[in-house]
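In listed order, ligands and their atoms are each counted from 1. This chain uses plain numbering: 1 for the first residue, then up along the sequence.
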Amino acid sequence: MNKYLNFINGEWREASSGESVPVTNPATGEVIGMVVQSTQEDVDAAVQSAKLAQKSWRLVPAPKRAEILYKVAYLLQERKEELSQTLTQEMGKVISEARGEVQEAIDMAYYMAGEGRRLFGDTVPSELQNKFAMSVRVPIGIAGLITPWNFPIAIASWKSLPALVSGNAVVWKPATETPAVAQGFVKIYEDAGLPKGLVNLVNGSGSVVGNAMVEHPDIDLISFTGSNEVGKQINERAGALLKRTSLEMGGKNAVTVLEDADLDLAVDGILWGAFGTSGQRCTASSRIIVHEKVKAELERKLVERIGELKLGNGLDETVNVGPVINRSSLERIDEYVKIGQAEGAKLLVGGRIATENGLNQGNFYAPTIFTDVTPDMRIAKEEIFGPVLSIIEVKSLEEAIEVNNSVEFGLSSAIFTADVNRAFQAMNDLDTGIVYVNAGTTGAEIHLPFGGTKGTGNGHRDSGVAALDVYTEWKSIYVDYSGKLQRAQIDNN
Ligand code: NAP
Ligand code: MG
């Protein structure tokens, strides 16, 4: 039986509690291993090792730090298939998507390794003669990373790589559901020769380990991705300690389909966005906002194509839709379908737990579409995090934008139209951190900022160069070489 341990100060260790819990394959119900359950004591040990390691790491020139990140990229590439198989087994997403996710970590490793020779600040003219002014990025110290199960390696790469290249140490708590991929990733940091203590892995529950990290006085920042409920709690507790938090939370993403859209293309984008990863992406398409003139045709095409999606174990290359993460998630999704029916939405297809052909061994939900949904219904407002899509009819672009923006989240949005003027109008008015034109709501690339407005985030961004703002402080430096006292704002006026 596999046992997923902690990695603290360069050693693989048991948790101080001596306890562990099972990790289950969501497609088959099989237990694939046991993960240790850490306590405050383990978090303390991780922080201590991080603190010591960071003291010398911050002095290593960033291009030298980056050389290790290049090795991380090579090793990720070498182990891509192995990591992808592990990912599918513990998390459920189909193997092609798992490979895509590992590729995202590879891309991020190359990108952040490149940052080692940039980490740009500014040099600007001083307002005084014989004075030089510049800004530089400096590391913050120890970054506490708390990550969800739905993108167990991609999100961890978005956070740990920029943290490390900019000179921080890391204490990482992965989701309880996905310790195997976490172990595989940390093993790569170890094998790449990252000095001990710079990446520490502490497995355990959010309420114990996550909480201990948030409250720990020596963890300088928390970068969290997960639910709004937990993000809000973290923000409150960290706020009281004046600790920086970067929060990436839920979404209720919509695809707008105008009457001039290429409907077949829209259907491709919608099916991929809504049912890829079984709808368990923060950027999943969960609402379709469609012009009344093309609603019936779009529905007909969607229902036809949804029948072609094959449910099953994601290791089977012919499967399109894998399981959802666990039993309670399956039940929550089913509960939302009942809520939708009670609210008067019309079920077009799906709406049931799938149990045929052995699917009952795992947690499978049939891809589901509701139509005649109105924006005030709960299924149109709340994040379901499963393969459930709601169709809302509108009469104009203006109404579509209003509906798109009416939810509390602001992660991603998409519009299908052939009209360049209306596309630009939408780019301007859609209130989300990510906008797609003639593509679905998923498919972010790692060199652009990733994150959302309103209830989705707190203004920070993962990924892209913007991620460096989470893991660095700005230091402004003035060098006066005039040899005399020069007072800004006074002596030059
Ligand atoms: P979650 O329940 O909030 O868990 C996320 C992480 O926080 C897990 O590691 C969890 O640990 C930990 N945690 C739980 N309670 C905690 C606490 N009191 N203090 C500190 N940490 C705590 O979210 P999830 O169900 O795993 O993931 C789904 C959610 O993530 C969805 O809302 C989705 O939209 C969001 N998401 C957002 C993005 C984005 O970039 N915007 C990307 C992906 C996912 P344990 O679960 O191990 O106990
Ligand atoms: Mg959870």
Side-chain angles (χ1 to χ4, degrees), residues 4 21 23 26 35-38 40 43 90-91 93 101 104 144-159 171-179 181-182 201-216 219 222-238 243 245-253 277-286 324-326 328-329 332-333 382-386 407-412 432-434 441-442 444 446 449-464 466-467 470:
Y4 307 114
V21 297
V23 182
V35 58
V36 300
Q37 293 296 284
S38 308
Q40 165 93 47
V43 174
E90 75 173 350
M91 183 275 160
K93 68 176 61 174
E101 181 178 342
E104 203 166 321
L145 314 182
I146 302 177
T147 55
W149 48 265
N150 67 334
F151 279 91
I153 191 164
I155 292 176
S157 78
W158 294 355
K159 297 183 190 299
V171 174
W172 174 27
K173 190 209 96 60
T176 305
E177 287 91 344
T178 51
V181 168
L201 175 69
V202 188
N203 287 289
S205 72
S207 54
V208 177
V209 174
N211 197 35
M213 286 168 62
V214 173
E215 303 278 346
H216 203 295
I219 292 187
I222 295 287
S223 178
F224 165 84
T225 297
S227 62
N228 278 62
E229 208 185 343
V230 174
K232 276 181 196 161
Q233 285 175 32
I234 289 178
N235 211 27
E236 274 178 30
R237 294 200 312 268
K243 186 175 291 197
T245 57
S246 165
L247 308 170
E248 285 300 338
M249 301 170 286
K252 188 70 189 174
N253 315 293
T277 323
S278 304
Q280 305 168 105
R281 291 173 179 146
C282 49
T283 55
S285 314
S286 63
V324 299
I325 190 71
N326 52 35
S328 69
S329 189
R332 190 178 37 80
I333 293 163
E382 298 172 19
E383 185 179 48
I384 300 177
F385 227 56
V407 293
E408 66 168 303
F409 303 106
L411 186 52
S412 182
T432 53
I434 308 169
T441 54
T442 67
I446 58 91
F450 183 95
T453 62
K454 302 191 286 187
T456 295
N458 67 337
H460 290 284
R461 290 293 183 267
D462 271 329
S463 193
V470 175

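Looking at heavy atoms from C-beta onward, I222 lies in side-chain contact with I146 at the 4.5 angstrom threshold.
Contact annotation for I234 and ligand 1: only side-chain heavy atoms (C-beta onward) come within less than 4.0 Å of the ligand. Contacts of T176 with ligand 1, taken as heavy-atom pairs under 4.0 Å, involve both backbone and side chain. Within the 4.0 Å heavy-atom criterion, the part of Q233 lying near ligand 1 is the side chain and not the backbone. Residue contacts with ligand 1, taken as heavy atom pairs separated by less than 4.0 Å, do not involve F151 at all. Of the heavy atoms in N228, none comes closer than 4.0 Å to ligand 1.
Side-chain N/O atoms of K159 and S246 include no donor and acceptor closer than 3.5 Å. Side chains of T283 and T441: no donor on one and acceptor on the other come within 3.5 Å.
Inclusion of V230 in the set of residues having an N or O under 3.5 Å from an N or O of ligand 1 is not warranted. Ligand 1 has an N or O atom lying under 3.5 Å from an N or O atom of G226, backbone or side chain. The shortest N/O to N/O separation between E383 and ligand 1 falls below 3.5 Å. Taking distance alone, with nitrogen or oxygen atoms compared against 3.5 Å, I155 stays at or beyond that limit from ligand 1. For a threshold of 3.5 Å applied to N or O pairs, the pair formed by S227 and ligand 1 contains at least one separation below that value. Between W149 and ligand 1, a contact under 3.5 Å exists for at least one N or O pair.
Residue-ligand proximity: T283 is placed with every non-hydrogen atom at 4.0 Å or more from ligand 1. For A175, the closest heavy-atom approach to ligand 1 falls below 4.0 Å.
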Verdict with supporting geometry, L145 and S223, side chain to side chain contact (heavy atoms under 4.5 Å, CB included): CA-CA 5 Å; L145 314 182; S223 178; 3.9 Å; yes
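By the side-chain hydrogen bond (donor to acceptor under 3.5 Å, both in side chains) test, N211 is found to be paired with R237, residues two or more places apart in sequence or in another chain being considered. Under the rule for a ring pair (Phe, Tyr, Trp, His ring centres under 6.0 Å), the partners of F385 that lie at least two apart in sequence or sit in another chain are W149.
Looking at G206, A238, G144 and measuring to atom 19 (N) of ligand 1, the nearest heavy atom belongs to G206. Among G210, C282, S463, the residue whose heavy atom lies nearest to atom 36 (N) of ligand 1 is C282.
Short contacts between ligand 1 and N150, defined as distances under 4.0 Å to a heavy atom of the residue, involve ligand atoms 43 (C), 44 (C). Atom numbering of ligand 1 starts at 1 in the shown order; those under 4.0 Å from a heavy atom of R237 are 19 (N). Taking a cut-off of under 4.0 Å to the non-hydrogen atoms of T225, the atoms of ligand 1 that pass are 5 (C), 36 (N), 37 (C), 38 (C), 39 (C), 40 (O), 42 (C), 43 (C), 44 (C). Less than 4.0 angstrom separates some heavy atom of S205 from each of these atoms of ligand 1: 48 (O). Of all atoms in ligand 1, listed by their number and element, those nearer than 4.0 Å to a heavy atom of T147 are 6 (C), 8 (C), 9 (O).
Here the side chain of K252 pairs a donor or acceptor atom with the backbone of E382 at under 3.5 angstrom. Checked by atom type and distance alone, the side chain of N253 never pairs as donor or acceptor with a backbone atom of S285 at under 3.5 Å.
Of the options V35, N203, T176, a side-chain contact (heavy atoms from CB on, under 4.5 Å) to V23 is made by V35 and by none of the others.
Between I234 and T245, the shortest heavy-atom contact is CG2-CG2, 4.2 Å.
If you take CD1 on I446 and CD on E104, they are separated by 8.0 Å, rounding to the nearest 0.5 Å.
Judged by a 6.0 Å distance limit and a 45° cone about the ring axis, K173 is not positioned over the six-membered ring of F224.
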